[in-house]
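Everything on this sheet refers to the single structure shown next.
Positions are given from 1, in the same order as the sequence printed here.
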Amino acid sequence: MKRSNLPLLLSTVALVGLAVSNQSASADTCSNLASSLSLTNVTITAAQTIPAGNYTAANGQTFNNLPTFCRVAATATPTSQSNINFEVWMPPAETWNGIFRGEGSGGSAGAITFPLMANAIARNYATMSNDNGHTGSNWSFSLQPEQVNDFGYRAQHVTTLAAKAVLRAFYRKPASFSYFYGCSQGGHHGLMEAQRYPDDYNGIVAGAYGGLDWTGIMFGELWTGVHSTTGGHDLPQTQLDLLTNAVLKQCGRQDGGVASDAFLAEPRDCHFNPQTLQCKAGQDPSTCLTADQVQAVQAIYDGASNPRTHQQIWPGFLRGSETFWREVLVGNPNAPGGSSASFFKDGVFNGQPNFSYLNINFDSDVTLTNNKPAGSGLTWQQALDANNPNLSEFRRHGGKLLMYHGLADPFVTPLASLDYYTAVIGATGGPQPVKRTQNFARLFLAPGVTHCGGGPGANVFNGPDNLGGPEDAGHDVFLALRQWVENGIAPTRIIGTKYVNDTPADGVAFTRPMCPYPQLARYRGTGDTTDASNFICVTDNNDSNGPIIGDFGTRDTLLGYADLLLFP
């Protein structure tokens, strides 16, 4: 089983060690921070008090009705190739709630996540976000090998240390608690923090943790693009809708699903065969799938695999997510979707003449990509993949990890999250390993929810991205994490809300609980099916995740872990 390089903890900390100079009596005023605060390998470029009202951030986004706050902009250069821009926003001492929140990002984004920072400052958190060490989403940044490390794991860590030093200088005391919130790439960086830097945060929310196996998901995106854009394999939206409707007709009431659900409660239990929709002679082509389209759908269900060894590279998508495939991954002319297009063209194969995605080899080019040199003597696989299931240091530190993933995610398959969490259970070990793992790490699966939100399920629950939902520990993943860390009350269910037309002003369509895996929500059999109180969390039968990602170990090893998911 592949492990992240834990010795990096010491080498990286040495690179970014922080030294705070003697503070003058006025150092806690915002404008003085630029001159009074000295941080190793960090240059403060701005320190200013932002008055209450509307604020336009450096990227041109305007945020309305913010309270006054201190804005510090800075650049971290842990190596000569590094250029990590970040900002720290801090409410006045008299309104600060004593909590620091680091913010995640998405995709390959080289941009500060100002909307999450605005959400934090409006709720009296001190907050920080960085640009991952590059600008934009083009992977030409990887021509500077150390910037691969910055993107993969280092940028969040060094800016977290710097932000904590800024807070200490401004408030004359550290934060009472430090949290990280992120979804997609942000979820990936949350796992990097738990695995490599277990002391950085007391609690981490890692949603739809895209790129947990970054090199794996890039080949997963490529696989989907290649299998759905060549020849007659394109999948128009009409055919994708046909698929989901057929899936729901066959499996909609399984595992606690109810008749009104437009989604599956437990997609792994659905074994819908796309061949049942294959066109018959004379059939209207808008009502069926051609043989090539059936082949494309099956390939997407199966996920990327090595054609020689048949080892799983990245899992496929779950039944019930088909109607959303086209938006993010299917039908992009001559290119895969997501981050993989630039990852391969401008990163892995930069400068290759006559480059074509169709020529990438799912055997030899996987090895080439994994072993491509990053900075500091690491490979791309070592710098980018957050696969280490050994979270013992994070657990000993008292850290809490709350993970969530939408079961209809068409961008990052939830099967990867399930594989990783199963591996964490195995690495935690001991008597009753599931319960031991749930003492510090819990995974919540959200039926009918797409990537980081959206979809036909109860899709409003996720912290700073909680668009109009109740802000309490029972309905909000970030507040559930805070209650777990600060009061020792672990979340046993988190209520998601589905609004009519996904608009809070139009009223609530239904609520539904998310349960800590391996439990799922099941209808009691009586009462209003739109009310979460009529659903209970029960331990489901031990459903198979299918073939295991090679980076998480052998199938036999993880099947042994999976057997532990049924409580003894």
Side-chain angles (χ1 to χ4, degrees), residues 57 59 61 76 84-89 99-121 123 125-134 136-137 150-164 177-198 200-214 217 338-339 384-386 394 399-406 409 411-412 416-417 420 441 443-444 451-454 461-467 476-482:
N59 68 347
Q61 287 180 286
I84 306 166
N85 296 300
F86 66 102
E87 292 199 14
V88 183
W89 293 3
I99 292 172
F100 163 62
R101 195 174 81 191
E103 315 293 357
S105 58
S108 298
I112 293 171
T113 317
F114 289 113
L116 296 186
M117 298 185 74
N119 170 279
I121 207 72
R123 289 157 178 78
Y125 297 104
T127 180
M128 182 278 297
S129 178
N130 67 74
D131 68 358
N132 294 317
H134 64 274
S137 298
D150 291 336
F151 172 76
Y153 66 89
R154 188 165 50 207
Q156 190 63 41
H157 174 59
V158 299
T159 57
T160 294
L161 296 185
K164 288 182 176 182
F177 298 97
S178 296
Y179 296 100
F180 177 84
Y181 172 83
C183 191
S184 191
Q185 181 58 254
H188 166 235
H189 285 143
L191 292 185
M192 281 291 193
E193 285 290 312
Q195 293 168 17
R196 295 174 183 252
Y197 309 110
D200 278 3
Y201 292 99
N202 302 105
I204 293 171
V205 172
Y209 25 104
L212 106 94
D213 183 326
W214 179 267
I217 193 176
S339 294
L384 295 172
D385 293 357
F394 184 72
K400 306 298 182 188
L401 176 62
L402 193 160
M403 299 172 281
Y404 68 88
H405 208 137
D409 193 329
F411 199 98
V412 179
S417 293
Y420 178 71
L443 169 62
F444 290 82
H451 189 58
C452 295
F461 56 81
N462 44 336
D465 294 314
N466 190 345
L467 305 177
D476 182 303
V477 289
F478 182 70
L479 296 179
L481 176 70
R482 281 195 57 189

Working to the nearest 0.5 Å, report the span between [atom1] of [X] and [atom2] of [Y].
X	Y	atom1	atom2	answer
Phe151	Asn130	CZ	CG	10.5 Å
Asn59	Asp131	CG	CG	11.5 Å
Tyr209	Ser184	OH	OG	13.0 Å
Thr113	Met128	OG1	CE	10.0 Å
Tyr153	His189	OH	NE2	11.5 Å

Practice prompt. Taking ring pair (Phe, Tyr, Trp, His ring centres under 6.0 Å) as the test, write out the residues that go with Phe177, two or more places apart.
Written response: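 None.
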
Closest heavy-atom pair and its distance - [X], [Y]:
X	Y	answer
Ile217	Phe411	CD1-O, 4.2 Å
Glu103	Ser129	CB-CB, 4.1 Å
Ala441	Met403	CB-CE, 4.3 Å
Ala208	Cys452	CB-SG, 4.0 Å
Leu402	Val477	CD1-O, 3.6 Å
Gln185	Gly107	NE2-O, 3.0 Å

Practice prompt. Determine the interplanar angle of the Tyr201 and Phe100 rings, folded into 0 to 90°, and report it as parallel if under 30°, tilted if 30 to 60°, perpendicular if over 60°.
Written response: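 Tyr201 and Phe100: parallel rings.
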
Side chains of [X] and [Y]: closer than 4.5 Å at any heavy-atom pair?
X	Y	result
Leu481	Leu401	no
Leu116	Thr127	no
Tyr404	Ser417	no

Discussion item. Checking ring-ring contact (aromatic ring centres under 6.0 Å, His included) between Phe478 and each of Tyr179, Phe461, Phe180, which is the one that passes?
Written reply: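 So, applying the ring-ring contact (aromatic ring centres under 6.0 Å, His included) to Phe478 and each of Tyr179, Phe461, Phe180, only Tyr179 qualifies.
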
Discussion item. Tell me every residue that passes salt bridge (charged side-chain N to carboxylate O under 4.0 Å, His left out) with Glu87, counting only those two or more places apart in sequence or in another chain.
Written reply: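 Per chain and number, Glu87 pairs via salt bridge (charged side-chain N to carboxylate O under 4.0 Å, His left out) with Arg71.
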
Worksheet item: Taking only residues two or more places apart in sequence or in another chain, which ones pass side-chain hydrogen bond (donor to acceptor under 3.5 Å, both in side chains) with Asp409?
Response: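 Asp409 satisfies side-chain hydrogen bond (donor to acceptor under 3.5 Å, both in side chains) with His405, His451 only.
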
Item to complete: Not counting sequence neighbours, which residues clear side-chain hydrogen bond (donor to acceptor under 3.5 Å, both in side chains) with Asp150? List them please.
Response: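 Here the qualifying residues are Ser82, Arg154.
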
Discussion item. Pair Tyr181, Asn462 - check side-chain contact (heavy atoms from CB on, under 4.5 Å), show working.
Written reply: CA-CA 9 Å; Tyr181 172 83; Asn462 44 336; 3.7 Å; yes

Side-chain donor or acceptor of [X] paired with backbone N/O of [Y] under 3.5 Å:
X	Y	result
His188	Leu384	yes
Asn202	Gly399	no
Asn132	Ser108	no
Gln195	Ala386	yes

Discussion item. Run the side chain to side chain contact (heavy atoms under 4.5 Å, CB included) test against Asp200 and tell me which residues pass, sequence neighbours left out.
Written reply: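 With neighbours one apart ignored, the set is His157, Thr160, Leu161, Glu193, Tyr197.
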
Discussion item. Listing request: all salt bridge (charged side-chain N to carboxylate O under 4.0 Å, His left out) pairs with a residue in residues 106-118, at least two apart in sequence or in separate chains.
Written reply: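 Applying salt bridge (charged side-chain N to carboxylate O under 4.0 Å, His left out) to every pair that reaches into residues 106-118, excluding sequence neighbours, yields nothing.
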
Item to complete: Please step through side-chain contact (heavy atoms from CB on, under 4.5 Å) for the pair Trp214 and Ser339, ending with a clear verdict.
Response: CA-CA 10 Å; Trp214 179 267; Ser339 294; 3.9 Å; yes

Practice prompt. Determine, step by step, whether Arg123 and Asn119 satisfy the side-chain contact (heavy atoms from CB on, under 4.5 Å) criterion, reporting the C-alpha distance in whole Å, the side-chain angles of both residues, the deciding distance to 0.1 Å, and the verdict.
Written response: CA-CA 7 Å; Arg123 289 157 178 78; Asn119 170 279; 3.2 Å; yes

